[in-house]
Amino acid sequence: MMGMAQWGNDLYTGKASVPFVRRRRLWFVIAIALIAVSILAPFLRGVEFSIEFTGGSQFTVSGPSSTDQAIATDVVAEVVPEAEARVTVIGESDIRVQTSQMTQDETRSVASALAEAYDVPAAEVADSFIGPTWGADVTRQSLWGLGVFLALTFVILAIYFRTWKMSVAAIVGLVDVLVITIGVYSLAGFEISPAAVIGFLTILGYSLYDTTVVFDKVRENTSEDGETSTRTFGESVNLGVNQTLIRSINTSIVAALPVAAILFIGVFWLGAETLSDISLSIFVGILVATYSTLFVSAPLYSLMREREPAIAQRDARVLAARETARVEAKG
């Protein structure tokens with residue numbers, strides 16, 4: 001059985017190859033299907049935004065006699081029947097209750113009722129309020145930050161690689177990562193909080209790093225292709241992706257393992273709910289970023305460049321010479 005090291009060597013020399021470019025229609029169909037599901041998911045299941053985006057009231061009960069979440073739900077429903085309550089356990093012993101917007105009198109009444117229901121002093125129930133204006137500002141600034149990030153990324157990549165088509169392919173990959181990650185968030189029922197937004201921006205940075213490394217190798221291969229090259233442009237792109245495939249896999253595994261430990265052990269086992277938002281976004285983003293670079297960005301870049309007249313003519317000469325050699329070998 002071929003070892004990983006031997007497989008990596010064969011990928012680098014071209015003896016073995018994964019058809020990222022040749023099977024790009026299949027990869028694009030899969031990518032479009034994933035994008036469609038991710039776009040439809042928020043409409044079918046909705047997207048939960050934290051109160052930092054929607055505004056509302058938050059209560060934290062420290063050291064309650066019980067962590068039964070139904071107690072808090074019943075208290076809120078009894079004091080303010082029209083309010084929606086979202087109750088979570090923080091750590092192993094604290095209760096967090098997030099509700100829609102309340103008046104000051106309602107806030108005091110709910111805090112007092114929570115203290116009585118969980119049998120704790122009133123001082124152990126902390127309350128805070130976030131107005132809808134502040135939430136709108138956070139949303140607007142997050143979108144501005146994302147827009148500026150994508151614009152700067154486009155310009156810097158165009159300057160570094162000396163072609164805007166690599167920038168377009170990289171940006172499409174980044175948008176692919178962002179949309180699919182948000183779709184997974186919606187399907188999993190996780191709420192989008194400021195911590196999750198930080199995670200989204202972090203994975204965009206990771207995806208950009210991975211794409212830059214792969215594209216750097218692709219540029220090296222394609223720049224070496226002269227008039228006597230025996231490779232088509234698409235084959236040179238595919239070789240570059242395969243030559244960096246082992247590095248991409250290893251980097252993704254190394255990056256995903258500690259995040260997976262935080263997510264599955266820290267959150268799901270030990271109950272560290274405060275880490276769930278950022279750890280889930282980064283974990284999903286790392287996996288999607290690796291897939292997007294290999295199966296979307298690189299094949300898309302090849303597709304855009306193959307239609308250039310000079311490249312199309314050279315590819316035609318390479319294929320014609322290859323066919324002539326095949327016929328002569330048979331004869």
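This structure is a prediction, so every number in the text was calculated from the model and none was measured.
- At least one side-chain heavy atom of Val168 sits under 4.5 Å from a side-chain heavy atom of Met304.
- Between the side chain of Asp94 and the backbone N or O of Gly63 there is at least one donor-acceptor pair closer than 3.5 Å.
- Summarising the geometry, atom CZ belonging to Arg24 is positioned 10.0 Å from atom CG belonging to Asn238; distances are rounded to the nearest 0.5 Å.
- Judged purely by distance below 3.5 Å, without hydrogens or angles, the side chains of Asp210 and Thr290 never pair a donor atom with an acceptor atom.
- In this structure, Arg219 forms a cation-pi arrangement with Tyr160, its terminal cationic atom sitting closer than 6.0 Å to the ring centre and no more than 45° off the ring axis.
- In the displayed structure, Gln104 atom CD is contacted under 6.0 Å by at most 12 heavy atoms of other residues, nucleotides or ligands.
- The backbone N or O of Phe20 sits less than 3.5 Å from a side-chain atom of Trp27, completing a donor-acceptor pair.
- Tracing side-chain contacts under 4.5 Å through hydrophobic residues (I, L, V, M, F, W, Y), one reaches Leu201 starting from Ile180; they form part of the same cluster.
- No donor-acceptor pair under 3.5 Å is formed between the side chain of Ser186 and the backbone N or O of Ile182.
- Counting only heavy atoms from C-beta outward, the side chains of Phe59 and Arg96 never approach each other to under 4.5 Å.
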**Prompt:** Which is it for Trp164 and Phe154 under the side-chain contact (heavy atoms from CB on, under 4.5 Å) test, yes or no, and what are the steps along the way?
**Reply:** CA-CA 8 Å; Trp164 60 268; Phe154 182 89; 4.2 Å; yes
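- If you chain together hydrophobic residues whose side chains sit under 4.5 Å apart, Leu26 and Ile35 fall into the same group.
- Using a 4.5 Å heavy-atom threshold, the side chains of Leu245 and Val18 count as touching.
- Of the residues listed (Val172, Val177, Leu178, Ile171), the one engaging Val175 in a side-chain contact (heavy atoms from CB on, under 4.5 Å) is Ile171, and it is the only one.
- Note on Leu208 and Val259: same hydrophobic cluster, where clusters join Ile, Leu, Val, Met, Phe, Trp and Tyr whose side-chain heavy atoms are under 4.5 Å apart, directly or indirectly.
- A salt bridge does not link Arg231 with Asp315: none of the charged nitrogens is closer than 4.0 Å to a carboxylate oxygen.
- Rounding to the nearest 0.5 angstrom, the gap separating the CZ atom in Arg86 from the CD atom in Gln98 is 5.5 Å.
- In summary, the side chains of Thr251 and Arg247 do present a donor paired with an acceptor at a separation below 3.5 Å, with no hydrogens or angles considered.
- Ile282 and Ile198 end up in the same hydrophobic cluster when Ile, Leu, Val, Met, Phe, Trp and Tyr side chains are linked at under 4.5 Å.
- Contact check on Glu235 versus Arg314 returns no salt bridge, with no Lys/Arg side-chain nitrogen under 4.0 Å from an Asp/Glu carboxylate oxygen.
- Put simply, the side chain of Ser17 never gets that close to the backbone of Pro19: no donor and acceptor are under 3.5 Å apart.
- Enclosure of atom CD in Glu308 by more than 12 non-hydrogen atoms of other residues, nucleotides or ligands within 6.0 angstrom is indicated.
- In this structure, Ile95 and Thr60 have side chains that are not in contact, with every pair of non-hydrogen atoms separated by 4.5 Å or more.
- Cluster annotation: Leu257 and Leu280 are assigned to the same hydrophobic cluster (Ile/Leu/Val/Met/Phe/Trp/Tyr, side-chain heavy-atom contacts under 4.5 Å, transitive).
- Within the model, atoms OG1 of Thr202 and CZ of Phe200 stand 10.5 Å from one another, a figure rounded to the nearest 0.5 Å.
- When side chains are defined from C-beta on, Thr67 does not count as touching Tyr118, because their heavy atoms never get closer than 4.5 Å.
- When all heavy atoms of Glu306 and Ser302 are compared, the pair lying nearest together is OE2-OG, 2.5 Å.
- Partners of Tyr206 according to the ring-ring contact (aromatic ring centres under 6.0 Å, His included) rule, which considers only residues two or more places apart in sequence or in another chain, do not exist here.
- Gly173 approaches Ser297 most closely through the heavy-atom pair CA-OG, 3.4 Å.
- Using modelled atom types and a 3.5 Å distance limit, the side chains of Gln69 and Thr73 yield no donor-acceptor pair.
- Aromatic ring centres of Tyr301 and Phe161 lie farther apart than the 6.0 Å criterion allows.
- Side-chain atoms of Ser292 and Asp176 include a donor-acceptor pair closer than 3.5 Å.
- Although no hydrogens or angles enter the test, the distance criterion places no donor-acceptor pair under 3.5 Å between the side chain of Asn242 and the main chain of Leu11.
- For the atom pair CG (Leu239) and CD (Gln243), the distance works out to 4.0 Å, reported to the nearest 0.5 Å.
- Taking CD of Gln141 as the start and CG of Leu146 as the end, the distance is 13.5 Å to the nearest 0.5 Å.
- Looking only at side-chain heavy atoms (C-beta outward), Thr99 and Val80 stay at 4.5 Å or farther from each other.
- The closest side-chain heavy-atom distance from Ser248 to Val214 is below 4.5 Å.
- Of the inter-residue distances, the one linking Thr324 atom OG1 with Arg317 atom CZ reads 13.5 Å to the nearest 0.5 angstrom.
- Taking all atoms of both residues into account, the shortest heavy-atom contact from Val75 to Ala113 is CG1-CB, 3.5 Å.
- Without hydrogens or angle criteria, Ser167 side chain to Ala158 main chain gives a donor-acceptor distance under 3.5 Å.
- Two residues are said to be in side-chain contact when any heavy atoms from C-beta on lie closer than 4.5 Å; Phe215 and Thr293 fail this criterion.
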